[in-house]
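Protein chains get the first letters and strands the later ones, always in sequence-line order, with residue 1 at the start of each. On a predicted model such as this, the values are computed, not experimentally measured, just so you know.
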Protein chains: 2
Amino acid sequence: MNENDTVIYLVDDDQSVLEALGSLVRSIGLKVACFSSAYEFFDAVSTRARGCLILDVRMPEMSGLDVQKKLSELGDELPIIFISGHGDIPMAVKAIKAGAVDFLTKPFREEELLSAIRTALQIDIEASENLNEIEDIKTHYATLSFREKQVLPFILKGLLNKQTAVELGISEATVKVHRHNLMKKMSVNTLPDLVRITQRLDLPSHKI
Amino acid sequence: MNENDTVIYLVDDDQSVLEALGSLVRSIGLKVACFSSAYEFFDAVSTRARGCLILDVRMPEMSGLDVQKKLSELGDELPIIFISGHGDIPMAVKAIKAGAVDFLTKPFREEELLSAIRTALQIDIEASENLNEIEDIKTHYATLSFREKQVLPFILKGLLNKQTAVELGISEATVKVHRHNLMKKMSVNTLPDLVRITQRLDLPSHKI
DNA sequence: TATTTAAATAAACTAAGGTTTAGTTTTTGT
DNA sequence: ACAAAAACTAAACCTTAGTTTATTTAAATA
C-alpha cells in the first residue's frame, strides 16, 4: 500500500450502506477501501495510512467509538467521520470530544458527507505535514552525539558557552565546537531557528 | 463585579430549572448567577467574567448556540456547558465542535453536571492564565519605540546586527543599543527567551 | 590486527555581540 | 515657550561567539 495514497476508508457492517457510500465517494474521484468490520479494517490498514475514515458507530463486536479509541492508542491521527442510524447525543458528544471531524445521523444528504470528507482530508493533510516536519527534526536530533545533546539544553536556556563549559567541566573552546557541530547537524543557521525547531520536539529540558 | 471571582453563570428560561441547578451548584460552595434569558446574561456580565456558563440550548429569542456564537465573537472564552431537554445530535455536534465543554441531556445525574463544571473551571483557569501571560507580553511590547519594533523582527530572523544596520540604514552600534533596550523592555535576559515570548504574540514578522 | 571513522578535546584567531558614555533630535508636559 | 524626558544616533571598549586547525581517544570495519 502506497503511503502517500489518500484513501477513504469505509467501515460498516451493512453491505448495502458500504456499497452506496462507496460509489458516492468514488463518484467524486476518491479512492475507497471498504470493510465490513473493525477487525478487517485493522488487519488491512497500516497505521501510517492517509486519508480519512468513515465509521458506523453501531457495529457488532467492536463499535465505532472503540475503533476511534484503538486508533488513538496506536498513535494514528486518521480523521474520523461517524455515521449513525440510532446514535444518541452522549455518543456524538464523546466522539466529537475525542476529535472526530463529524457525526452524521442517517439519513443525511450526500453533500453533508462530502463536505465532512473535504474537511477531514484537509485536516489530514495538515496533520501529515506537521508530522513529517516533526519526524525530520527528530531525525536530525538523533544524529547528535552525546556531548552535543548535553550542550543543546544549555544553549536553549541562554547560558554562555563559558557557563556551559563550567557545567560540563570542559573548556569553553570545546563547547563552541559542540555548538557549531550541533547547529550543522540540526541544519539551522541561527539561534532563533534552533529555538523554534527544538520547541517542536519534547526534549527533557523543556520539562524542567 | 470582582474580575477574579469565579462564578457559575446559569441561563435557562425555566425558573424551576434555574432554582434547582442553582442550589445544586451552591451546595458545593460555588457562586452562582442566574439569568432567565440570554439578554439578561449579556446585560449583566462583563466579557472578562471568569468561571463557566451553563446554558439551556432551547430558549425563546436567543438560543444557547446563538449565545455561544456571540460570546465567541466578543472574544470571550468562558467555557460553556450545554443542557438540553429536546436537543438533537446535530445541535450537540455543533456545540462541541464550537468548543463547548459538554452537552448534557435531561434528565442527567447531578454528578454529570458537577464533573462537567470541574472540567470547565479547570479549562477556564488555564485559559485565563494563558491570556494573562499574553497580555503581559503585549504590554511589554507596547513600550517599545518605533526603532525597537523595527529591529525586533530582524533579531528574530537571526540577522547579524551588521546586517540589520544595513537594512535600516543606521550604524551597527545603534542597532546594538536598540537591541539592548528592547531586551530590557521585553524583560528577557537571553535571545532564546525573546524568541519564545514573541512567538506568543502575533507580530507581522511571523506572517512573512 | 591494522586501519579508518567518529567523537571529544582545546588553543588560536577572527567576527560579532554587549555595555557604557555621550551628543543630537524629538516629544511631552508645565 | 521652556524644561524635562524619551528616542535616536554612534563611537569605544570589553566580552562572547564562531571558525579553523590539531591532538587524543574510542569505536567500527576491513
Side-chain angles (χ1 to χ4, degrees), chain A residues 135-199 201 203-206, chain B residues 135-199 201 203-206:
Chain A
E135 281 307 315
D136 272 4
I137 297 171
K138 281 184 180 169
T139 303
H140 286 137
Y141 181 77
T143 67
L144 298 190
S145 73
F146 176 72
R147 277 300 204 200
E148 286 156 1
K149 283 180 184 168
Q150 260 187 324
V151 167
L152 178 53
F154 291 114
I155 296 176
L156 299 177
K157 276 183 221 159
L159 289 204
L160 302 178
N161 291 336
K162 189 193 286 187
Q163 295 172 307
T164 303
V166 172
E167 294 288 332
L168 299 178
I170 56 182
S171 85
E172 187 187 344
T174 305
V175 173
K176 287 179 182 178
V177 174
H178 288 320
R179 181 171 183 154
H180 180 253
N181 291 335
L182 79 84
M183 292 286 283
K184 263 218 302 240
K185 286 185 181 178
M186 295 302 289
S187 70
V188 290
N189 292 315
T190 69
L191 180 52
D193 280 342
L194 184 69
V195 173
R196 282 185 283 257
I197 70 160
T198 53
Q199 275 182 328
L201 243 37
L203 298 181
S205 54
H206 291 325
Chain B
E135 281 307 315
D136 272 3
I137 297 171
K138 281 184 181 169
T139 303
H140 286 136
Y141 180 76
T143 68
L144 298 191
S145 72
F146 176 71
R147 277 300 202 198
E148 286 156 2
K149 282 180 184 168
Q150 261 186 324
V151 167
L152 177 54
F154 290 114
I155 297 176
L156 299 177
K157 276 184 220 158
L159 288 203
L160 302 178
N161 290 336
K162 189 192 290 188
Q163 295 173 306
T164 303
V166 172
E167 294 288 331
L168 299 179
I170 55 180
S171 84
E172 187 187 343
T174 305
V175 173
K176 287 179 184 179
V177 174
H178 288 319
R179 181 172 183 151
H180 179 255
N181 291 335
L182 79 84
M183 293 286 285
K184 262 217 302 240
K185 286 185 180 177
M186 295 301 291
S187 70
V188 291
N189 291 316
T190 69
L191 180 53
D193 280 342
L194 183 70
V195 173
R196 283 185 284 258
I197 70 160
T198 52
Q199 275 183 328
L201 241 38
L203 298 182
S205 55
H206 290 325

**Message:** Please report the distance, rounded to the nearest Å, between NZ in B:Lys162 and C1' in D:dA10.
**Reply:** 16 Å

**Message:** Just N and O in the side chain of A:Thr174: are any of them under 4.0 Å from OP1 or OP2 of C:dA10?
**Reply:** yes

**Complete:** note: B:Leu159, atom CG; C:dA15, atom C1'; distance rounded to Å ~ 16 Å

**Asked** Can you tell which of C:dG17, D:dA17, C:dA11 lies closest to the side chain of A:Glu172?
**Response** D:dA17

**Any B:Ser145 side-chain nitrogen or oxygen under 4.0 Å from OP1 or OP2 of D:dA7** = no

**Message:** Could you report the tightest heavy-atom contact between A:Lys138 and A:Leu201, atom names first, then the distance?
**Reply:** CG-CD1, 3.6 Å

**Request:** Take B:Leu152 and B:Tyr141, measure what side-chain contact (heavy atoms from CB on, under 4.5 Å) needs, and give me the verdict at the end.
**Result:** CA-CA 10 Å; B:Leu152 177 54; B:Tyr141 180 76; 3.7 Å; yes

**Message:** Without decimals, in angstroms, what is the distance between A:Leu144 CG and C:dA7 P?
**Reply:** 10 Å

**side-chain N/O A:Lys185 vs C:dA7 OP1/OP2, d < 4.0 Å** = yes

**Asked** Between C:dA15 atom P and A:Leu191 atom CG, what is the distance in whole Å?
**Response** 21 Å

**Request:** Verify side-chain contact (heavy atoms from CB on, under 4.5 Å) between B:Ile155 and B:Leu191, making sure each step is shown before the conclusion.
**Result:** CA-CA 9 Å; B:Ile155 297 176; B:Leu191 180 53; 3.5 Å; yes

**Prompt:** Separation of A:Lys176 atom NZ from D:dT16 atom P, in whole Å?
**Reply:** 10 Å

**Request:** Choose from D:dT9, C:dA11, D:dG18 the nucleotide whose nearest atom is closest to any side-chain atom of A:Arg179.
**Result:** D:dG18

**Request:** Scan side-chain atoms only and decide if A:Gln199 and A:Arg196 contain a donor-acceptor pair under the 3.5 Å cut-off.
**Result:** no

**Request:** Please report the closest heavy-atom contact between B:Ile170 and B:His178, naming both atoms and the distance.
**Result:** CD1-CD2, 4.2 Å

**Fill in**
A:Ile155 atom CD1 is separated from D:dA17 atom P, nearest whole Å, by 10 Å

**Asked** Taking OP1 and OP2 of C:dG17, is either one under 4.0 Å from a side-chain nitrogen or oxygen of B:Asn161?
**Response** yes

**Request:** Establish, with yes or no, whether the OP1 or OP2 oxygen of C:dT19 is under 4.0 angstrom from a side-chain nitrogen or oxygen of B:His180.
**Result:** yes

**Complete:** Whichever of B:Ala173 and B:Phe146 has the more 5' nearest nucleotide on DNA chain D, that residue is B:Phe146

**Message:** Expressed as a whole number of angstroms, how long is the span from A:Ile170:CD1 to D:dT24:C1'?
**Reply:** 15 Å

**Message:** I need the NE2-P distance between B:His178 and C:dT19, as an integer number of Å.
**Reply:** 16 Å

